[in-house]
Amino acid sequence: MSRYNARVTEPKWQKAWDEAEVFKAERDDSREKYYVLEMFPYPSGRIHIGHVRNYTMGDVVARFKSARGFNVLHPMGWDAFGMPAENAAMENNTHPGTWTYKNIADMKEQMKPLGFSLDWTREFATCDPEYYGKQQAMFIDMLDAGLIYRKNAVVNWDPVDMTVLANEQVIDGKGWRSNAPVERKELTQWFFKISDYSDELLEALDHLSEWPEKVRTMQKNWIGKSQGLQFSFDMNGGPDGFDKLEVYTTRPDTLFGASFAAVSADHPLAKALESDPKVAAFNAECRRMGTSAEEMEKADKRGFDTGLTVSHPFIEGVELPVYIANFILMDYGTGAIFGCPAHDQRDLDFARKYGLDVKAVVSADGENYEVGTVAFTDPGTIINSDFLNGMSIDDAKADVISRIEAREMGKGVTNYRLRDWGISRQRYWGCPIPVIHCDTCGIVPEKKENLPVKLPDDVSFDRPGNPLDRHETWRNVDCPKCGAAAKRETDTMDTFVDSSWYYARFTSPNAETPTDLAEAEYWMNVDQYIGGIEHAILHLLYSRFFARAMEKTGHLPKSAIEPFNALFTQGMVTHEFYATEKNNRTVYHNPSEVIRTAEGATLRTTGEEITVGPIIKMSKSKKNVVDPEDIIDQYGADTARWFVMSDSPPERDVEWTAAGAEAAWKHLQRIWRMTVEIDEGDANGTADDALALAKATHRAIDDVTKGIEGFAFNKAIAKLYEFTNTLQKSKAGKADKQAAMQVMAQLMQPMTPHLAEEVWALMGGQGMVTTAPWPVVDPAMLVDDTITLPIQINGKRRSEIKVAKDLPKSEVEKLALADDAVIRALDGNAPKKLIVVPGRIINVVI
RNA sequence: GCGGGCGUGGUGGAAUAGGUAGACACGCCAGACUUAAAAUCUGUUGGCCGUAUGGCCGUGGGGGUUCAAGUCCCCCCGCCCGCACCA
């Protein structure tokens with residue numbers, strides 16, 4: 001019996017597809033298009049089994065839609081700018097570009113054998129000058145359109161390396177290389193005005209019906225629309241220019257419970273008080289935390305009593321102390337708050353720590369009570385609040401706002417948590433911001449005909465900091481406007497900018513302009529976008545904004561402002577990890593170095609005992625990565641593809657196990673064996689068997705189609721297993737089995753295209769299965785005349801009866817009461833209740 | 001800390017709209033084939049009690065609604081993702 005040899009078969013079919021150019025996408029206005037896109041990878045150098053899963057999902061959809069007659073666009077490219085290239089440059093003394101393009105070549109080499117239906121003619125990398133030059137052109141247009149501006153913002157500053165650090169490079173408040181405590185430093189930075197679109201981005205979420213609810217909720221919360229009150233307290237004893245303190249609150253109803261006011265350490269007031277060394281020291285301490293919100297919120301609540309007070313607007317003679325506090329974000333609201341400890345947990349923690357009053361002003365039952373360690377944040381009635389007493393929270397909010405407005409102390413405002421998008425990066429390996437700073441003309445965009453502003457190649461990474469800053473010939477240019485000596489902007493763009501429009505570039509990857517509107521009109525939107533849940537907020541929100549900004553500047557049609565029609569977020573691939581201890585240091589081992597048994601694990605080379613760690617996301621640092629190349633070498637691409645699609649639902653994490661891969665391989669071998677057996681098999685069979693097989697075939701078509709359409713690939717595969725079992729046991733004749741096996745090949749094609757081609761060819765299929773139309777289900781073949789109804793007695797399943805599909809309810813009741821188990825249970829009595837759910841279940845209540 | 005999600009046999013998981021919990025697969029066990037092993041095929045397999053008909057218990061834990069709860073409601077626990085300069 002011939003064994004299926006993936007190593008020979010897979011390259012053969014890949015060559016055939018290439019030669020027939022079956023995956024090349026071309027605009028054809030007479031055909032309906034379908035655009036499938038997986039989030040493009042960062043070229044780290046190795047593909048990862050997580051990539052295989054991501055791209056296989058996209059490939060299944062692409063191949064399925066293609067079989068369904070759509071004109072499919074399924075492109076691939078590289079998210080190629082970013083810090084790892086610079087880190088590699090520092091470590092290995094290579095140029096980031098050399099490193100990146102080598103990685104791209106390596107990864108492409110690893111992806112090709114997987115047989116994805118990708119149109120490689122559209123490939124690009126975001127670090128190609130042809131790509132980032134178009135991005136610069138759009139930057140200039142967006143600057144003209146008022147979508148970009150400059151303002152001061154804080155960055156993590158490493159005082160030893162004299163460089164800006166990313167949040168992930170700050171570890172416990174220290175620089176990752178220098179180990180020096182980081183400082184917060186203000187720099188003038190470039191921003192996209194995403195906040196202009198806060199409300200629109202929020203409203204439009206409601207129409208993204210094919211996005212996961214959880215992603216929409218996360219974005220909604222991120223945008224964080226709130227109705228609140230912005231008003232000024234009169235301040236007592238403040239420094240010059242600080243006779244007022246402006247605060248923002250979403251709980252004006254709790255104003256009578258206020259017991260303190262607090263400002264951020266970055267607030268102008270806090271800075272103005274820094275002549276006091278104690279204030280300066282406290283502020284410096286707060287600023288030592290790095291810039292991430294997470295760090296600030298996790299830190300112990302701490303405050304500094306400034307000795308200043310503010311007057312309560314409604315309670316004569318009451319003054320509240322003003323603190324500088326480490327948990328107030330300067331970026332949200334006004335950077336200053338009033339604290340009502342009874343009804344906000346952070347304020348309560350703070351108040352308990354500093355011995356401030358805690359007065360309940362909202363009560364569930366209208367009665368007064370003592371607040372313990374948990375703030376009361378539920379709805380209720382206002383108490384202890386003078387003219388607000390007895391009101392609901394909403395009425396009290398409205399009342400306080402109107403009174404404050406009447407006294408001209410402030411006003412009700414709509415506030416958003418969403419901040420403008422800071423895109424300045426003080427780094428080399430990114431898209432240069434195409435502007436020039438001229439002493440006379442100010443900020444002048446580069447002339448479009450001079451684009452791209454290319455990154456200079458002659459740079460060194462032997463010292464920290466941005467090489468562009470010290471590159472004199474690159475930096476010193478003539479002002480495009482007046483011709484005087486001027487300086488180029490040395491900040492480059494956040495890599496999120498690169499990934500905010502690549503989907504649009506794929507529709508016309510060689511256009512002289514950023515997009516070709518006719519192509520964009522035809523191919524946009526992305527019909528199915530697939531990627532990791534970790535991108536739920538930033539990448540997806542930025543892309544939604546950027547599409548709008550592109551539309552405003554004429555680079556996308558109006559119809560494409562919401563670029564992703566459907567979104568699917570897939571889970572990670574996980575694996576247990578292996579560790580040994582050496583000299584008190586943990587050493588991690590790759591799964592390929594390990595012999596794993598049911599009891600434990602040993603090192604392949606030395607037989608040393610190994611600790612088996614929990615199942616976690618595959619990561620380089622824990623070395624628990626499985627190399628797809630090894631899997632392909634051992635079993636072939638189809639096995640890898642089949643395995644990552646089977647078992648786990650795609651939105652959930654999947655654990656890579658050697659046993660699972662082995663099982664996938666066995667199944668594919670079994671399919672091939674069956675194919676050969678059918679080919680060599682008996683022509684004779686009965687009509688009954690033929691009908692049963694045909695029914696099973698149509699059942700399989702229906703199930704697999706629904707499975708793929710619903711992104712339930714694991715269920716589609718389970719149905720294919722069932723169909724395989726049925727087909728193997730079938731006594732139908734050769735022609736009938738061949739027909740069934742052809743359908744099997746068609747249904748398997750999206751998952752295991754190479755094997756499917758081979759099966760299709762041997763079973764006499766016309767042409768390639770990759771280009772064959774999807775099989776059509778005959779609904780008449782799905783119908784069964786009789787159904788089995790379970791009988792419950794008091795809610796527990798005790799028996800079952802077979803009845804005709806459309807037997808009337810009264811007849812079903814009679815049959816149920818005649819059932820042995822029911823007669824026994826009733827013991828001559830009448831049932832209390834008899835519930836018949838047609839087609840579903842019978843429940844006899846005794 | 002805040003926001004979002006997930007939790008079902010030994011394992012991965014299935015279960016339209018509240019209606020048979022455990023489809024399908026792995027593993028285990030038993031059998032067939034084989035000198036033997038591998039491969040393959042067949043069968044069994046949630047736990048406990050029972051020779052058996054059968055009974056009880058079971059979807060992270062606790063409570064509730066219902067004729068009926070994995071599914072709905074309340075409380076709790078554990079794990080994962082994000083938190084704006086990682087990509």
Side-chain angles (χ1 to χ4, degrees), chain A residues 1 3 39 41-42 44 79 81-84 153 155-156 164-170 189 212-215 217-222 224 291-301 327 331 345-346 349 417-427 494-496 499 532-539 541-542 569 571-572 574 598 614 616-617 646-649 651-655 657 659-660 662-664 666-667 669-670 673 706 712 714-715 717-722 725 728 788-792 794-800 831-835 837 839-846:
Chain A
M1 168 92 40
R3 215 158 133 106
M39 289 180 187
Y42 180 80
S44 60
D79 188 14
F81 275 135
M83 292 201 306
V155 293
N156 301 305
V164 176
L165 298 178
N167 283 338
E168 70 156 10
Q169 297 173 318
V170 178
Q189 311 233 57
E213 188 65 42
K214 63 181 169 185
V215 174
T217 308
M218 280 190 260
Q219 290 210 356
K220 183 171 176 248
N221 292 337
W222 184 262
T291 57
S292 85
E294 182 187 3
E295 218 182 324
M296 293 185 72
E297 299 222 9
K298 273 185 185 163
D300 276 345
K301 309 281 168 285
F327 62 95
D331 291 317
Q345 193 60 45
R346 284 182 305 182
D349 295 344
R417 209 184 73 97
L418 179 65
R419 312 197 297 254
D420 276 334
W421 174 15
I423 59 150
S424 285
R425 297 292 181 271
Q426 293 71 40
R427 278 184 250 288
D494 178 5
T495 56
F496 273 125
S499 56
I533 184 68
E534 67 272 21
H535 294 293
I537 297 172
L538 293 179
H539 162 62
L541 191 60
Y542 289 150
T569 54
M572 297 173 302
T574 60
I616 53 167
K617 178 178 179 171
S646 62
D647 287 352
S648 282
E651 68 276 13
R652 230 189 275 181
D653 293 348
V654 64
E655 190 204 351
T657 61
E662 172 90 15
K666 280 186 187 172
H667 180 72
Q669 287 293 344
R670 181 181 171 208
R673 234 177 12 249
K706 284 181 178 148
N714 57 323
K715 284 187 260 173
I717 283 181
K719 297 300 181 186
L720 284 168
Y721 274 113
E722 270 180 45
N725 292 338
Q728 186 160 39
T788 305
L789 281 182
I791 299 177
Q792 293 184 333
N794 287 341
K796 290 185 187 217
R797 189 192 158 280
R798 284 295 125 99
S799 184
E800 60 182 34
K832 271 197 197 136
K833 211 167 178 180
L834 183 59
I835 293 152
V837 184
R840 291 295 227 170
I841 204 161
I842 300 155
N843 192 6
V844 185
V845 185
I846 293 170

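Each chain gets a letter, A, B and so on, in the order the sequences are listed, and its residues count up from 1.
Minimum interatomic distance between A:Asn221 and A:Arg417 (heavy atoms only, all atoms of both residues): O-NE, 3.6 Å. A:Pro831 approaches A:Val844 most closely through the heavy-atom pair CB-CG1, 3.8 Å. In plain terms, the two heavy atoms of A:Val164 and A:Val155 that are nearest each other are CG1-CB, 3.8 Å. Among all heavy-atom pairs drawn from A:Ile537 and A:Gln219, the shortest one is O-NE2, 3.7 Å. Across every non-hydrogen atom of A:Pro212 and A:Thr569, the tightest pair is CG-OG1, 4.2 Å.
Put simply, the side chain of A:Arg425 never gets that close to the backbone of A:Asp494: no donor and acceptor are under 3.5 Å apart. A donor-acceptor distance shorter than 3.5 angstrom exists from the side chain of A:Gln169 to the backbone of A:Ala166, with no hydrogens or angles considered. No donor-acceptor pair under 3.5 Å is formed between the side chain of A:Gln189 and the backbone N or O of A:Ile423.
Distance from the side chain of A:Leu418 is smallest to B:rA84 among B:rA87, B:rA84, B:rC67. Of all nucleotides listed (B:rA84, B:rG13, B:rA87), B:rA84 comes nearest to the side chain of A:Arg419. The side chain of A:Val155 sits closest to B:rC85 out of B:rC6, B:rA84, B:rC85. Closest to the side chain of A:Ser292, from the set B:rC41, B:rC81, B:rA84, is B:rA84. When the nucleotides B:rC41, B:rG13, B:rG5 are ranked by their closest atom to the side chain of A:Lys214, B:rG5 comes out on top. With B:rC41, B:rG82, B:rG4 as the choices, the nucleotide that has an atom nearest any side-chain atom of A:Gln728 turns out to be B:rC41. Closest to the A:Asp79 side chain, of the nucleotides B:rG4, B:rC85, B:rA87, is B:rA87. With B:rG3, B:rG12, B:rC67 as the choices, the nucleotide that has an atom nearest any side-chain atom of A:Val845 turns out to be B:rC67. Of all nucleotides listed (B:rG7, B:rC85, B:rA84), B:rG7 comes nearest to the side chain of A:Arg652.
Contact annotation: A:Arg673 reaches the phosphate of B:rC41 (side-chain N/O to OP1 or OP2, under 4.0 Å). Contact annotation: A:Thr495 side-chain N/O to B:rA87 OP1/OP2 distance is under 4.0 Å. A close approach under 4.0 Å does not occur between any side-chain nitrogen or oxygen of A:Asn156 and OP1 or OP2 of B:rC85. Residue A:Asn167 has no polar side-chain atom (N or O) positioned under 4.0 Å from OP1 or OP2 of B:rC83. Side-chain N/O atoms of A:Arg427 include none lying less than 4.0 angstrom from OP1 or OP2 on B:rC85.
B:rG50 and B:rC57 have their C1' atoms separated by 15 Å, with the value rounded to a whole Å. Taking atom P in both B:rG13 and B:rC26, one finds a spacing of 16 Å when rounded to whole Å. Nucleotides B:rG55 and B:rG61 place their P atoms 25 Å apart, quoted to the nearest Å. Taking atom P in both B:rA84 and B:rG10, the straight-line distance is 41 Å, to the nearest Å. Using C1' as the reference atom, B:rG62 and B:rA69 are 16 Å apart when rounded to the nearest Å. A gap of 8 Å separates the P atoms of B:rG7 and B:rG60, to the nearest Å. The P atoms of B:rU20 and B:rU71 are separated by 13 Å, rounded to the nearest whole Å. Straight-line distance between the P atoms of B:rA15 and B:rG70: roughly 15 Å, to the nearest whole Å.
Among the heavy atoms of the strands lying under 4.0 Å from A:Ser424 is at least one base atom, whether or not backbone atoms are also near. Using a 4.0 Å heavy-atom criterion, one finds that A:Gly422 contacts the sugar-phosphate atoms exclusively. Residue contacts for A:Gln426: at a heavy-atom cut-off of 4.0 Å it reaches a base atom on one of the strands shown. Heavy atoms of A:Gln189 sit under 4.0 angstrom from at least one base atom. Using a 4.0 Å heavy-atom criterion, one finds that A:Trp421 contacts no nucleic acid atom at all. Residue A:Phe496 is classed as a base contact, given a heavy-atom separation below 4.0 Å to a base. Among the protein residues, A:Ala536 comes within range of no part of the nucleic acid, since none of its heavy atoms lies under 4.0 Å from any strand. Using a 4.0 Å heavy-atom cutoff across all strands shown, A:Pro212 reaches no nucleic acid atom at all. A:Val170 comes within 4.0 angstrom of no nucleic acid atom, judged by non-hydrogen atoms across all strands.
Taking atom NZ of residue A:Lys220 and atom P of nucleotide B:rG5, one finds them 12 Å apart after rounding to whole Å. To the nearest angstrom, C1' of B:rG82 lies 10 Å from CZ of A:Arg417. Look at CD on A:Glu297: it is 13 Å from P on B:rC83, rounded to the nearest Å. Atom CD in A:Glu213 sits roughly 17 Å away from atom P in B:rG3 (whole-Å rounding). Atom-to-atom, CD of A:Gln345 to C1' of B:rG3 comes out at 17 Å; the value is rounded to the nearest Å. Atom NE2 in A:His667 sits roughly 18 Å away from atom P in B:rA39 (whole-Å rounding). Whole-Å rounding puts the A:Glu534 CD to B:rA84 C1' distance at 16 Å. Here B:rG4 presents its C1' atom at 8 Å from CG of A:Asn221, a figure rounded to the nearest Å.
Of all nucleotides present, none satisfies the Watson-Crick or G-U wobble test against B:rU71 with each distance under 3.5 Å. B:rC83 is paired with B:rG1 under the criterion used here, namely a Watson-Crick or G-U wobble arrangement in which both key atom distances are under 3.5 Å. Within the shown strands, B:rA32 is the pairing partner of B:rU40 under the Watson-Crick or G-U definition, both distances less than 3.5 Å. Judged by Watson-Crick or G-U wobble contacts below 3.5 Å, the nucleotide B:rC56 has B:rG47 as its partner. Across all strands shown, B:rA23 has no partner, as no Watson-Crick or G-U wobble contact with both distances under 3.5 Å is found. Pairing partner, B:rG7: B:rC77, with both Watson-Crick or wobble hydrogen-bond distances short of 3.5 Å.
Ion pairing between A:Asp349 and A:Lys301 fails under the 4.0 Å rule for side-chain N and carboxylate O.
Looking only at side-chain heavy atoms (C-beta outward), A:Glu297 and A:Phe327 stay at 4.5 Å or farther from each other.
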Nucleic acid footprint by protein, nucleotides 16-29 of chain B - heavy-atom cut-off 4.0 Å, B for base, S for sugar-phosphate alone: B--BB--BSSS---
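Its glycosidic angle being within 90° of 0, B:rA17 falls on the syn side. For B:rG58, the base adopts the anti conformation, since its glycosidic angle falls more than 90 degrees from zero.
Residue A:Thr217 is the one, among A:Thr217 and A:Pro649, whose nearest nucleotide of RNA chain B lies closer to the 5' end (criterion: closest heavy atom).
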